[in-house]
Amino acid sequence: MKRDLTCVACPLGCPITVEYTDTEIISVTGNTCKRGEAYAKTEITNPTRSLTSSVKVCGGVLPVVPVKSDKPVPKDMLFDCMKEINSVCVKAPVKIGQVIIENILGTGANIVATNND
Amino acid sequence: MLNYDLVVVGGGPAGMAAALKARECGIESIIVLERAETLGGILEQCIHTGFGLHYFGEELSGPEYAAKFIAQIEKTDIVVKTDTMVLDISDNNLVTAVNKNDGLLKIQAKAIVLAMGCRERPRGALEIAGTRASGIMTAGTAQKYVNLDGYMPGKKVVILGSGDIGLIMARRMTLEGAEVKVVCELMPYSGGLTRNIVQCLDDFGIPLRLSTTVVETHGKERLEGVTIAKVDENLQPIDSTREYIECDTLMLSVGLIPENELTKNVGIGIDRITSGAVVDEMRQTDHKGIFACGNVLHVHDLVDYVTLEAQLAGKGAADYILGNSDENPCYVNGTTGNGVRYLVPQRVNINNKDDVKIYFRVGRVFKNAKVVLEVDGNVISSKKKVKLAPGEMENVVIPAAVLSSMTADSSIVVRVEE
Ligand SMILES: Cc1cc2nc3c(=O)[nH]c(=O)nc-3n(C[C@H](O)[C@H](O)[C@H](O)COP(=O)(O)OP(=O)(O)OC[C@H]3O[C@@H](n4cnc5c(N)ncnc54)[C@H](O)[C@@H]3O)c2cc1C
Ligand code: SF4
């Protein structure tokens, strides 16, 4: 089988072609760097995405603070992760890099703050 | 009146990188003037990741990228004045600004870096029939509501324009539980990065309709729906294709315009296509000692390139202040060949001793084409490209050795070969 993908691992967005069978990846072409190859492989076997959002802050200057998953999470779990994120309210002060939700839904990814509140 | 060697107007990624580079080059007295409450510029509301992969080698969100530069600025004694709006720049580099504490500020500068960024094209710039119902806003305004104020502006969304902000907001609204019904794009191609079409639209099954526009809005107080229609080759709506779509929010992502009111007031030459200043390879405008970088110069899709460009401007300004810049530059203007819309820098001082990178954008989508750089009719480089699109900035490099062989009558042409 053959699939044309756009690498989303960085904004260059290289067009990538993957050839694969049910059990293995035969070839990856079109990528500019290693990350592209890795992306193409996971995209075929187990697509993942980084998730960014914001969480409510209690007692801070700003009402919300931005967060991200420190690792990509399975694509089909994005909405479940959003539910978790939206159920949280962190206490101010929040520092950049602070873990807000550990190992979200067992994905192995932490949700961390990406700004100071 | 205050005196500073370097005044930087705007404290976004461009302004911060220019100030830091000038400091690294030995400039002691630097002041950064920023209109907003904090440094960081537009990055503060861009909470998605995708920044810094080229510059830092890691994928950061907008605020994280900005925070790295803010931390560096804080380690220096570069003076920062936030909540400070620059009102005017005079012919002899006198900067007038205003803020609550100081009132009116007059600052005499030896050199100035313009880094005011850009703003979104508002609804007024479009021809859409209909009432002024609430629920119509630019995608950037919506981004600010959701990401900074923590407030959802609507539940059923139509987005007009496939610029990156619109695409990013399509995903953001969807993740927050809104239904994004469609993204309409007037042109036959998207204005955004391909990666954003994939991960913001395709991932969520949001349709992108090309050659389609919004012709009418409906609803008195609150938006109730829009009418969309396909357009013909002349971009005129085709009546028979009109279609009603129910929605409470219309987001516009129809382009960014560099904020060049200050630039124009000084009388600096503006490029008709980029709407930014005409500059040389150090990003010096045609007004000696005034430099420009970042989105105020031309709209960038990648902040990494903004940083690199701002470092050039910072270095150029430092050289100028220290008296190290070329007193008798010999400029050659670049020419846009087939398929190329604009070049930045527009002109190159051939006395420059370093390689010069010229950034450009194409006017339409090309597949399996070549990007060709010609100097004096000789092909200097010819690079194969699987795809070229107006949404993605490209570049070519004039090697230093080629520059040194050029004369005042030389020509530089960048073109696409199909
Ligand atoms: C929604 C959005 C999404 C983006 N996504 C990505 C992405 O995924 N990856 C990526 O790499 N890049 C992305 N970019 C591009 C990148 O963020 C911009 O190119 C970059 O922020 C531009 O930096 P700048 O400093 O030129 O402008 P800005 O960040 O706009 O900063 C300009 C600053 O100047 C100030 N200013 C303006 N006028 C005055 C005045 N008269 N006096 C004082 N101060 C003034 C403004 O307040 C502002 O803070 C995105 C941009 C946007 C808008
Ligand atoms: S292959 Fe490498 S360079 Fe190309 S988009 Fe992917 S990460 Fe970026």
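In what follows, chains carry the letters A, B, and so on, assigned in the order in which the sequence lines appear, proteins first and then strands, with residues in each chain numbered from 1. Because only heavy atoms are used, hydrogens play no part in the values below, and waters and symmetry mates are left out as well, while side chains stay in.
The candidate from A:N116, A:V8, A:N115 with the greatest count of non-hydrogen atom pairs under 4.5 Å with chain B is A:V8. Of all the listed residues (B:D301, B:D149, B:N147, B:N196), the one sharing the greatest number of non-hydrogen pairs under 4.5 Å with chain A is B:D149. The candidate from B:Q45, B:K387, B:H54, B:R171 with the greatest count of non-hydrogen atom pairs under 4.5 Å with chain A is B:H54. Note: B:T49 leads B:T49, B:V386, B:L193 in heavy-atom pairs under 4.5 Å with chain A.
Rounded to the nearest 0.5 Å, atoms CD (B:E59) and OG (A:S50) are 5.0 Å apart. Rounded to the nearest 0.5 Å, atoms OG1 (B:T174) and CE (A:M82) are 10.0 Å apart. How far CD1 of A:I85 is from CG of B:L175: 8.5 Å, rounded to the nearest 0.5 Å. Rounding to the nearest 0.5 Å gives a distance of 10.5 Å between OG1 of A:T114 and CZ of B:F51.
Between A:A9 and B:L53, the shortest heavy-atom contact is O-CD1, 3.0 Å. In this structure, A:L78 and B:F204 approach most closely via the heavy-atom pair CD1-CZ, 4.1 Å. The two residues A:K75 and B:D203 make their nearest non-hydrogen contact at NZ-OD1, 3.3 Å. A pairwise comparison of heavy atoms in B:V198 and A:T6 identifies CG2-CB, 3.6 Å as the closest pair. Across B:H48 and A:T52, no two heavy atoms sit closer than the pair CA-OG1, 3.3 Å.
Heavy-atom distances place the backbone of B:L148, and not its side chain, under 4.5 Å from chain A. Using a 4.5 Å cut-off between heavy atoms, A:C81 does not touch chain B at all. Using a 4.5 Å cut-off between heavy atoms, B:E176 contacts chain A through both its backbone and its side chain. Contact annotation for A:L5: neither backbone nor side-chain heavy atoms come within less than 4.5 Å of a heavy atom of chain B.
By the 6.0 Å contact criterion, CD on B:E418 is enclosed, its count of non-hydrogen atoms from other residues, nucleotides or ligands being greater than 12. Heavy atoms from other residues, nucleotides or ligands lying under 6.0 Å from NZ of B:K370 number 12 at most. The neighbour count for B:Y145 OH, taken as heavy atoms of other residues, nucleotides or ligands under 6.0 Å away, does not exceed 12.
Between the side chains of A:S54 and B:R172, at least one donor N or O lies within less than 3.5 Å of an accepting N or O.
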